[in-house]
Asker: 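Below you will find the structure I want to go over with you.
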Amino acid sequence: MRALIERSRDAGAAYTVSKVFSDKPDAAGLEAARNLGVPVQALAAAKTVDRAAYDRALAAAIADCSPSLIVLAGFMRILSAQFVADFAGKILNIHPSLLPKFPGLHTHRRVLEAHEPQHGATVHFVTAQLDGGPPVIQARVAVTANDDEASLAARVQAQEHRIYPLAVRWFCEGRLRYGDGQAWLDGRQLREPVQFTGAE
Ligand code: NHR
């Protein structure tokens, strides 16, 4: 989230971050956004509020900003099919694995346990299928024998900070879109995610 805000202030940036939302009022990201001068709104998910009601409230608060795009960055609540439908094709997530490998939680640990030679991060459109929406761009990192969860997470995150602002820029420039259940870049269907090289 911080990288997305910082890149939005580069000369010639294609997007602005209008507001940061969290379901956790004490989230570090809210403080970070505030410090960067971005408006924030916390919507605490009380245990008594059911998912559908919570997602309606969140959707209404977000709709007030009329965003072109909603970007999940460390947002850990599964969004209902209704929420996803309300903002169809306008939600991106970044997931810390080379999807379709390792959907779900604790990816760094699971990659180490599986002795995978490579790991990485994937930006994808959010659909009702968890971590299953069409992928847009991936960055890979080599897993070394010395890696632990923390070292691997740090290298993956450094890549996340590069590919997420790039995907948001593509979307806001009108180059990236979602249609027919697929991701499209420059009018071409992405059958595979773009592999980040640094030349993009
Ligand atoms: N919502 C939809 N509809 N589709 C996706 O692909 C989503 C999503 C919401 C969040 C991020 C994802 C990730 O990058 C994300 C993708 C949370 C969970 C989860 O199990 C899974 C995937 C992701 C985020 N959440 C638990 C829940 O019951 C709570 C876990 C917790 O609080 O620690 O919501 O990893």
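All ligand and atom numbering here is 1-based and tracks the order in the structure. Fair warning: this is a prediction, and the values are worked out from it, not measured in the lab. Excluded from the calculations below are hydrogen atoms, water molecules and symmetry mates; all remaining heavy atoms, backbone and side chain alike, are included. The chain is numbered in sequence order, starting from 1.
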Asker: Got a sec, which hydrophobics cluster with Val156, joining ILVMFWY side chains under 4.5 Å apart, including via others?
Answerer: Phe102, Val111, Leu112, Val141, Val143, Leu152

Asker: Which of the numbered atoms in ligand 1 are below 4.0 angstrom from a heavy atom of His124?
Answerer: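 Near His124, the atoms of ligand 1 are 6 (O).
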
Asker: Under the salt bridge (Lys or Arg N to Asp or Glu O under 4.0 Å) rule, what do Arg34 and Glu31 come out as? Steps first, then yes or no, please.
Answerer: CA-CA 5 Å; Arg34 244 186 247 112; Glu31 181 65 14; 2.8 Å; yes

Asker: Would you indicate whether the side-chain heavy atoms of Leu185 and Arg175 approach each other to under 4.5 Å?
Answerer: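 A side-chain contact under 4.5 Å exists here.
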
Asker: Could you check His119, Glu116, Gln118 and say which one makes a side-chain hydrogen bond (donor to acceptor under 3.5 Å, both in side chains) with Lys101?
Answerer: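 It is Glu116, the one option of His119, Glu116, Gln118 that forms the side-chain hydrogen bond (donor to acceptor under 3.5 Å, both in side chains) with Lys101.
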
Asker: Select the closest option to atom 15 (C) of ligand 1 among Val84, Thr127, Leu105, Asn93, judged by heavy-atom distance.
Answerer: Asn93

Asker: Within a radius of less than 6.0 Å around CZ of Arg110, do more than 12 heavy atoms belonging to other residues, nucleotides or ligands occur?
Answerer: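 Enclosed: over 12 neighbouring heavy atoms sit under 6.0 Å from CZ of Arg110.
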
Asker: May I ask you to test the Ile62-Pro67 pair for a side-chain heavy-atom distance under 4.5 Å?
Answerer: yes

Asker: Of the side chain and backbone of Ile78, name the one, both, or neither that has a heavy atom under 4.0 Å from an atom of ligand 1.
Answerer: both

Asker: Atom 13 (C) of ligand 1: which of Gln129, His95, Arg51, Arg77 has the nearest heavy atom?
Answerer: His95

Asker: Where does Ile94 meet ligand 1, judged by heavy-atom distances below 4.0 Å: at the side chain, the backbone, both, or neither?
Answerer: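 Near ligand 1, Ile94 shows its backbone, while the atoms from C-beta on stay back.
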
Asker: Tell me the protein heavy atom at minimum distance from atom 25 (N) of ligand 1, and give that distance in Å.
Answerer: Met76 O, 2.9 Å

Asker: Tell me the contacting part of Gln82 for ligand 1: side chain, backbone, both, or neither, using a 4.0 Å heavy-atom threshold, strictly below.
Answerer: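 Answer for Gln82: neither.
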
Asker: How far is atom 7 (C) of ligand 1 from the closest protein heavy atom, and which atom is that?
Answerer: Leu130 CD1, 3.6 Å

Asker: Any protein heavy atom under 4.0 Å from atom 28 (O) of ligand 1?
Answerer: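 It does: a protein heavy atom is found less than 4.0 Å away from atom 28 (O) of ligand 1.
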
Asker: Given Thr107, Leu79, Asp131, Leu92, which one has a non-hydrogen atom that is nearest to atom 3 (N) of ligand 1?
Answerer: Leu79

Asker: Do Ile70 and Phe83 have side chains that approach each other closer than 4.5 Å (heavy atoms only, starting at C-beta)?
Answerer: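 Yes, side chains in contact.
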
Asker: Applying a heavy-atom cut-off of 4.0 Å, say which part of Phe75 lies close to ligand 1: side chain, backbone, both or neither.
Answerer: backbone

Asker: Taking 4.0 angstrom as the limit, do Arg155 and Asp147 come out as a salt bridge?
Answerer: yes

